[in-house]
Amino acid sequence: MNAKDVADAAAITSAFGSVFQFLPEIAALFAIAWTAIRIYEWARVRLFGYSGEIKP
């Protein structure tokens, strides 16, 4: 398991926790921000074909 998998699990847990009012609103903000970053990364690589490497 890498760091992104752990952060994804934490984001999902905090999202569900905030929906069921187990965690404060700051956890919901963290989950929303992390999920938005992950969706952006996925779209950048899958849809636009950009992997972060500079091609000559």
Side-chain angles (χ1 to χ4, degrees):
M1 228 193 217
N2 61 22
K4 282 189 178 182
D5 293 336
V6 173
D8 286 342
I12 291 169
T13 303
S14 62
F16 281 117
S18 62
V19 167
F20 295 111
Q21 297 178 355
F22 291 135
L23 299 172
E25 289 80 14
I26 194 73
L29 291 176
F30 166 74
I32 291 168
W34 182 257
T35 304
I37 290 169
R38 296 288 287 163
I39 290 171
Y40 170 75
E41 288 178 354
W42 174 85
R44 185 182 66 177
V45 173
R46 299 287 174 137
L47 299 178
F48 304 117
Y50 180 72
S51 63
E53 298 175 6
I54 298 174
K55 297 179 182 177

**OP:** Locate the shortest heavy-atom distance separating Ala11 from Ala31; write the atom from each residue and the value.
**Re:**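 Result for this residue pair: O-CB, 3.3 Å.
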
Subject >> Closest contact, heavy atoms only, Trp34 versus Ala7 >> reply: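 The pair with the smallest heavy-atom distance is CZ2-CB, 3.4 Å.
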
Original post:
About how many Å separate CD1 of Ile37 and CD1 of Ile32, when rounded to the nearest 0.5 Å?
Top reply: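 It is 12.0 Å, given to the nearest 0.5 Å.
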
Subject >> Presence of salt bridge, Arg44 and Glu41, under 4.0 angstrom >> reply: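 Between Arg44 and Glu41 there is no salt bridge, as every charged N stays at least 4.0 Å from the carboxylate O atoms.
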
